[in-house]
Amino acid sequence: MKAETRTYWLRAGGAVAFLIVLALVINFASHGTFLQPGNVVRVLRQITYNFIMGVGETFVIITAGIDLSIGSLISLTGVVMALFANATGLHGFALIAATLIVGLAVGGAAGFVNAVPVVKLNLPPFITTLAMMQIALGLSYILSGGQPVPLQSTDFQNTGYGSFLHTIVPIPVIWMIVVLIVSSVLLMRTRFGRYVFAIGGNEEAARLAGISVGRVKTAVYVISGMCAGMVGFLYMSLFSSGSPQTATGNEMLNAIAAVVVGGTSLMGGRGAIVGTFFGALLIGFLDNAMNLLQINSYLQWVVLGGVILLAVVLDELRKRYLKRA
Amino acid sequence: MRGIGKSFPGVRALEDVSLDLQAGEVHALVGENGAGKSTLMKILAGALAADTGEIAIDGKTVTIGSPRTAENLGVGMIYQEFNLVPALNAVDNIVLGNEPVNGLLLDEGAARKRAEAVFAELGITLPLTVGTSSLRVAQQQMIEIAKVLSRSARIIVMDEPTAALTNNEITKLFEVIRTLKARGVGIVYISHRLEELPDIADRVTVLRDGRVIETRVTKDFPPDDIIRAMVGRRLESHFPDLPAVAPDAPVVLAVRDLTRAPSVNGVSFEVRRGEIVGLAGLVGAGRTEIVRAIAGADIPEQGAIDVQGRAIRIRSPHDGIAAGFAFITEDRKAQGLVLGMSVRENVTLAHLEQFVERDRLIDRRKEQATTREYIEQLDIRTPSTEQLVRNLSGGNQQKVVLAKWLLGNAKVFLFDEPTRGIDVGAKAEIYNLMVKLVNGGAGIVMVSSELPEVLGMAHRILVIRGGRIVREFDRAQATPDAVIAAATGAAA
């Protein structure tokens, strides 16, 4: 095996080992409740939303960009989808599919708007997506009149909350696995994915190699918006309504935290979807464990913040160590 | 400065260099690119430490460990790239780092007085309260001069001060320099423009290959002698034999009236199949800008480009590659490579379509096989195809860039400083590769600041000055003196 591949698997193996040890410790501390099948499934379901948002954010961050608008886009896409579902005459699978497509389209369109000033005028994405964050939130309140929009159809119950195989595998987890596989292949095995890394690593070299930098950058913001649309769909299904209050303000930060804890560099050029999965899993583990251990919720914030800081500090120290070696 | 020596890994930049400067004297320092002028001045300014030798100011030996020490000793540097903060006005820039204070607050009145005093002394007036970014280059330069003077500099180093000035501005600058002389300030004046030396310099020192060749009083040092001292006699044996261009070889690249102001002004030339055309000239003459405009890295304002007789339209590097260009940039780290990616990923980056299967996924095995072929063919020293290019040496990095462009069967190769910063062995390999390319029917445009390289590796030499082709030499006619004379504008 080649050196680079080996370090990759060493890192992945290390992450798995760390999570297993952590899980065993938490399990011991919680007197065996943590690793009960019901609780494990609960953690997986809870991290689905954070992970899917983190996937879109991973693409953006590897190009050395950032997308702050995804939290608001969950609210906006949820409201638009609920209004659409109530207005259309469709039923059953057709309704579900059409609604999901609407959500993905709205999210993707918002991502496109995010990208245009970044690509055409070279504006910092921090600013354009910050503006989109406010615009999307405002629009979701305007469109919904400030109230949750209840779904009239009950067809969405299974897509948001149901389970396969006698309630063992929740539907959101199926979504998560599909997203994990599709996005990993897209990032690691296609030309597009290679270009995402090249742009984040050295944008000028990428441009001179003939890569359409503008198109690739636009695509990553569209993907990020679509991931937010998918999470909007899952939340809408879960709550049977599309609400402007779905996004509380923490979603985007948690997604970025999962990406960064997962080893993707904010400087661009380096990262992996699997890393984001482990990042989301670690954050989900800790969240759940602290609830089980009845840790004060204010203290939970402090712990989560500390974990994020620790993760990036360790990563930086690892890089310096490798450079010296 | 006595017996100054300085080595960088693999290069001896300075060897036993001695230079003296009297109060009220303008001492010109000339030499080709890479002769060691900048290194010497950086040592004087405390930006680099010398390996050997000593520096004495007013007869006292001093140790200049940092730019701050240099400043305190009265040494002021005016680099070609100014060190002004563009958003701050002239006054703020002049006092930057030395702000007069009134308790905790800035004393703006005192700062302004200090700036005005310096300008009055120089006999110039400038807008003091607007951001320096809105001022002309010549005005910014005056602010730089005022800045070093306000720190009581007695030795001022000027690096190519006239490079970006108009004739009127140069006259004005020379007046200021004479004022400084009258005040007893000594000036080290670095310039490529030999024709201006009689007007301003008292003495001229020529550096070549890190050594002082000669120092003479300017009026006893005619331009021809200066050029001869700059060029010297060199070994040329490490260049391979260039195959002759067939008399009936078709034109592969035709460039007509290419313009991108201010650095490219109406450039027209042709390259034939199997021909290497060298673009010679000084740094800043517009050579890099010409090849960038051809490759689509910058978009030209006007001009036509034909490849193999077909008119093409280039709006981006992507179009350039599609038209059959391979552009090997001058700065491989900033423009040629993604340092955090592997050798394999860099080699295939510009032509990934060759490695995509029908299922639209990249075939890594094929990538690795192809990369291994190039590693072997170009003798790239790397432990594996998966090594990050960051970890390779300069010469091997350059070979990775070459492999990337060899993959595409380009018809015209644009080389910008193809051997900069790489060792002699790798250089020879790159020259051999160029010969192989022209034997295979490609045309090559090569920009190089190394005169022997242009003379040894080009069938024809175009000398660029001010974004124009000022002279053309056949390989047989070209002599170092003639090329330098054309490049510096000292042509007889």
Side-chain angles (χ1 to χ4, degrees), chain A residues 1-10 61-64 119-120 181-217 263-272 315 319-320 322-325, chain B residues 292 295-298 316-323 325-329 331-357 359-364 367-368 382-391 401 404-405 407-408 414 416:
Chain A
M1 218 189 300
K2 297 287 183 286
E4 292 298 317
T5 335
R6 199 163 51 223
T7 47
Y8 177 80
W9 285 110
L10 274 178
I61 288 178
I62 292 175
T63 66
V119 169
K120 297 289 175 195
I181 292 170
V182 171
S183 61
S184 280
V185 170
L186 184 62
L187 185 63
M188 299 302 188
R189 297 287 317 273
T190 67
R191 285 164 77 185
F192 168 74
R194 184 70 60 78
Y195 292 166
V196 168
F197 281 104
I199 289 171
N202 185 342
E203 187 168 329
E204 181 62 6
R207 191 178 77 92
L208 291 175
I211 295 169
S212 301
V213 171
R215 263 189 242 167
V216 174
K217 276 189 167 180
T264 296
S265 164
L266 279 173
M267 298 293 140
R270 207 165 60 87
D315 193 50
K319 266 189 290 182
R320 290 187 183 193
L322 283 180
K323 227 174 246 174
R324 233 178 307 145
Chain B
R292 281 182 64 89
D298 298 323
S316 71
H318 183 83
D319 297 344
I321 292 167
F325 289 128
F327 177 32
I328 294 93
T329 53
D331 186 344
R332 59 185 160 265
K333 286 189 180 168
Q335 300 165 347
L337 294 166
V338 184
L339 293 173
M341 279 184 150
S342 66
V343 173
R344 165 178 59 83
E345 288 167 318
N346 272 286
V347 167
T348 59
L349 189 62
H351 300 95
L352 262 186
E353 69 282 351
Q354 296 178 15
F355 301 93
V356 176
E357 301 161 274
D359 59 7
R360 307 181 67 83
L361 299 184
I362 296 172
D363 183 347
R364 264 190 213 185
E367 278 191 295
Q368 276 166 346
T382 172
S384 80
T385 58
E386 304 308 304
Q387 176 71 255
L388 300 186
V389 293
R390 186 195 307 286
N391 300 330
V401 175
K404 171 165 85 169
W405 294 111
L407 198 51
L414 307 165
D416 193 0

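Lettering follows sequence order; numbering is per chain, from 1.
At a 4.5 Å heavy-atom cutoff, Ala295(B) makes no contact with chain A through either its backbone or its side chain. Proximity to chain A is limited to the side chain of Arg364(B), based on heavy atoms less than 4.5 angstrom apart. Of the two parts of Tyr195(A), only the side chain, counted from C-beta on, holds a non-hydrogen atom closer than 4.5 Å to a non-hydrogen atom of chain B.
Atom OG1 in Thr329(B) sits 8.5 Å away from atom CD in Glu204(A) (nearest 0.5 Å). For the atom pair CZ of Arg194(A) and CD of Glu367(B), the computed distance is 4.0 Å after rounding to the nearest 0.5 Å. The distance from the CG atom of Leu208(A) to the CD1 atom of Ile321(B) is 8.0 Å, given to the nearest 0.5 Å.
Ranked by heavy-atom pairs shorter than 4.5 Å toward chain A, the options Asp331(B), Val401(B), Leu352(B) are led by Leu352(B). Put simply, of Gln335(B), Arg360(B), Lys333(B), the one with the most heavy-atom pairs under 4.5 Å next to chain A is Gln335(B). Ranked by heavy-atom pairs shorter than 4.5 Å toward chain A, the options Ser316(B), Gly336(B), Gly340(B), Ala334(B) are led by Ala334(B). If you tally non-hydrogen atom pairs under 4.5 Å between each of Arg292(B), His351(B), Met341(B), Lys404(B) and chain A, the highest count goes to Met341(B). Contact tally against chain B (heavy-atom pairs below 4.5 Å) for Gly269(A), Ala209(A), Ser212(A): the top residue is Ala209(A).
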* Go through the steps for Thr190(A) and Leu361(B) under the test side chain to side chain contact (heavy atoms under 4.5 Å, CB included), then give the verdict. => CA-CA 5 Å; Thr190(A) 67; Leu361(B) 299 184; 3.7 Å; yes
* Asked: Yes or no on side chain to side chain contact (heavy atoms under 4.5 Å, CB included) for Leu339(B) and Asn202(A), after CA distance, side-chain angles and deciding distance?
  -> CA-CA 8 Å; Leu339(B) 293 173; Asn202(A) 185 342; 5.9 Å; no
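Between Arg191(A) and Val356(B), the shortest heavy-atom distance links the atoms CD-CG2, 3.2 Å.
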